[in-house]
**Student:** 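Take a look at the following structure, please.
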Number of protein chains: 2
Amino acid sequence: MSENTEQIILKAAHDTFLEHGFDGTSMQMIADAAGMNKALLHYYFRSKDKLFQAVFISIFGKFIPPLIGIMSSERPFFERLELFVFHYIDNINKNPLVPLFILHELKRNPDQFLNIIKSSGIDPKVILALLKKEMDEGNIIEMDPRQLFINILSLCIFPIAAKPMMKGLFFNDSDEEYASFIESRKKEVSRFIINAIRKP
Amino acid sequence: MSENTEQIILKAAHDTFLEHGFDGTSMQMIADAAGMNKALLHYYFRSKDKLFQAVFISIFGKFIPPLIGIMSSERPFFERLELFVFHYIDNINKNPLVPLFILHELKRNPDQFLNIIKSSGIDPKVILALLKKEMDEGNIIEMDPRQLFINILSLCIFPIAAKPMMKGLFFNDSDEEYASFIESRKKEVSRFIINAIRKP
DNA sequence: GTCTATATCGGGATAGAC
DNA sequence: GTCTATCCCGATATAGAC
């Protein structure tokens, strides 16, 4: 069962780390979630750190690459933008714990970041070039492409990462109200952005 | 020295919790930062939880109330918006650890939230009413005021909370480049928002 | 490969000397 | 009010039986 057990451990560690973070997770919690003894965790992954490293890489991979595909298609820019926002919000909304997990663990240990980026061959700067191109062609107003792209990311990610807070502040602590709010954003956000960057 | 010691402990706990979070902080770390023995911490605040509670409330207070004042002044709306964005980004930028801390701890223990809100008498919903008023008067386009306000917050907060990630992705890991990027946002963000909500 | 038992350490918390 | 010494527990990690 060697091959299988490793996957079970990874799944259990994935879920537990994602929910409670590195510091909030014990090997015992993971062992319980995996339905086995914690000694086995050390047998497959020598230390908590190594196990976390494996999990972090897999979660991080779900966060960045989906960004790039849609933006590189051949459709009109505003259409690409709408698709991008729609799918990215949808994606994050289905994995709502991911953003806060990434941000928190990245702050806890910034070093592990650059290594992962470089070894994965991911380069989000291609998106900046795409945005720049639209500006040069006169399709949208001129601005620092990084400002624009980070605006887009902010509008997609933050409201989901901040759910525990926003739900209490503005939505009577109701999960349903918040879910429908996020659902609306899939169209609302691209409308907002397009208004902001459309040429007069 | 009773009065003084309590303040020293609070300061040390504030800094340590803010930097490492509840799970990442030990009483020993706080005692070291305060230059005293950890038994004293328990003498003043019976438990780690109680000490954290005190710190959390004080940090949380710095995050929400500044929101309300500026928005309620008598100036023209776009001017208020510019001031709001400028000061709020500036405020967060001077306390860059606060947003991620709040979001992470709120997710870890959502219960402590509603109690604090209610006991503090803070009601951010007044801002929603102000935004609604501008829409009714025809000064800006119609939309759900919560969408608009959360857009504003996203654009102000997220780029600072996500610094460890963005710095690595787009700014060659340079603190200086990132600082000047955030500095630009103080004007850039309100420009972006006003474009998005200005009537055609 | 999987378990039990154990070693070792650091955590929060308290007792008691001063 | 502040310290040292200590208790007790849970953490990571390993040894060794099966």
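The model shown is predicted, which means the values in this text are computed figures rather than measured ones. Below, read A as the first sequence line, B as the second, and so on, with proteins coming before strands; counting in each chain starts at 1. The figures here come from the full heavy-atom set of this structure, side chains too, leaving out hydrogens, waters and symmetry mates.
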**Student:** Can you figure out which of D/dT12, C/dG12, D/dT2 approaches the side chain of A/Met27 most closely?
**Tutor:**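 Of the candidates, D/dT12 comes closest.
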**Student:** Return the minimal non-hydrogen interatomic distance between B/Ile140 and B/Lys199, and the atom names on each side.
**Tutor:**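 For B/Ile140 and B/Lys199, the tightest heavy-atom pair comes out as O-CE, 3.5 Å.
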**Student:** Report yes if at least one side-chain N or O of A/Thr5 is closer than 4.0 Å to OP1 or OP2 of C/dT2; otherwise report no.
**Tutor:**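 True: A/Thr5 side-chain N/O within range (under 4.0 Å) of C/dT2 OP1/OP2.
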**Student:** For the pair made of CG in A/Asn4 and C1' in C/dT2, what is the distance, rounded to whole Å?
**Tutor:**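 These atoms are roughly 14 Å apart.
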**Student:** Would you kindly give the CZ-to-P distance between A/Phe45 and C/dT2, to the nearest whole Å?
**Tutor:**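 Atom CZ in A/Phe45 sits about 12 Å away from atom P in C/dT2.
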**Student:** Measure NE2/A/His20 against P/D/dA11 and give the value in whole Å, please.
**Tutor:**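 Rounding to the nearest Å, NE2 of A/His20 and P of D/dA11 are 12 Å apart.
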**Student:** Take the protein atom NE2 of A/His42 and the nucleotide atom C1' of D/dT12, then report the distance between them rounded to whole Å.
**Tutor:**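 Going from A/His42 (NE2) to D/dT12 (C1'), I get 5 Å.
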**Student:** The side chain of A/Tyr44 lies closest to which of these nucleotides: C/dG11, C/dG1, D/dA11?
**Tutor:**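 Between C/dG11, C/dG1, D/dA11, the one nearest the side chain of A/Tyr44 would be C/dG1.
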**Student:** From C-beta outward on A/Asn37, which listed nucleotide comes closest to its side chain: C/dC3, D/dA13, C/dT2?
**Tutor:**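 The answer is C/dC3, which lies nearest to the side chain.
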**Student:** Without swapping roles, check the side chain of A/Ser190 against the backbone of A/Lys187 for a donor-acceptor pair under 3.5 Å.
**Tutor:**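 Yes: the side chain of A/Ser190 pairs with the backbone of A/Lys187.
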**Student:** Please pick, from D/dT12, D/dA13, C/dG1, the nucleotide with the shortest atom-to-atom distance to any side-chain atom of A/Tyr43.
**Tutor:**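 So the side chain of A/Tyr43 is nearest to C/dG1.
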**Student:** Can you classify the ring geometry of B/Phe22 versus B/Phe17 as parallel (below 30°), tilted (30 to 60°) or perpendicular (above 60°)?
**Tutor:**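 Rings of B/Phe22 and B/Phe17: parallel, as their planes differ by under 30°.
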**Student:** In this structure, which one of A/Arg185, A/Lys186, A/Arg191 forms a side-chain hydrogen bond (donor to acceptor under 3.5 Å, both in side chains) with A/Glu188?
**Tutor:**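 Result: among A/Arg185, A/Lys186, A/Arg191, A/Arg191 is the only option passing the side-chain hydrogen bond (donor to acceptor under 3.5 Å, both in side chains) with A/Glu188.
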**Student:** Under the side-chain hydrogen bond (donor to acceptor under 3.5 Å, both in side chains) test, which residues partner A/Asp23, sequence neighbours left out?
**Tutor:**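 None.
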**Student:** Strictly under 3.5 Å: I want the nitrogen or oxygen pairs between protein and nucleotides 15-18 of chain D, one per line.
**Tutor:**
none

**Student:** Expressed in angstrom and rounded to an integer, what is the separation of A/Lys38 atom NZ from C/dT6 atom P?
**Tutor:**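 Distance check: A/Lys38 NZ to C/dT6 P gives 13 Å.
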**Student:** Any chance the rings of A/Phe181 and A/Phe170 have centres within less than 6.0 Å?
**Tutor:**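 They do not qualify: ring centres at least 6.0 Å apart.
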**Student:** Could you give the CG-to-C1' distance, from B/Asp23 to C/dG10, as a whole number of Å?
**Tutor:**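 In whole Å, C/dG10 C1' and B/Asp23 CG are 15 Å from each other.
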**Student:** Scan A/Leu148, A/Ile141, A/Ile197 and name whichever one has a side chain to side chain contact (heavy atoms under 4.5 Å, CB included) with A/Met135.
**Tutor:**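 Passing option: A/Leu148.
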**Student:** In whole angstrom, what separates B/Glu6's CD from D/dG1's P?
**Tutor:**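 Going from CD in B/Glu6 over to P in D/dG1 covers 10 Å.
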**Student:** When you get a sec, tell me which of D/dC3, C/dT14, D/dT12 is the closest nucleotide to the side chain of A/Lys48?
**Tutor:**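 When the side chain of A/Lys48 is considered, D/dT12 is the closest of D/dC3, C/dT14, D/dT12.
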**Student:** Roughly how many Å is it from CD in A/Gln28 to P in D/dT12, rounded to a whole number?
**Tutor:**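 Rounded to the whole Å, the gap is 9 Å.
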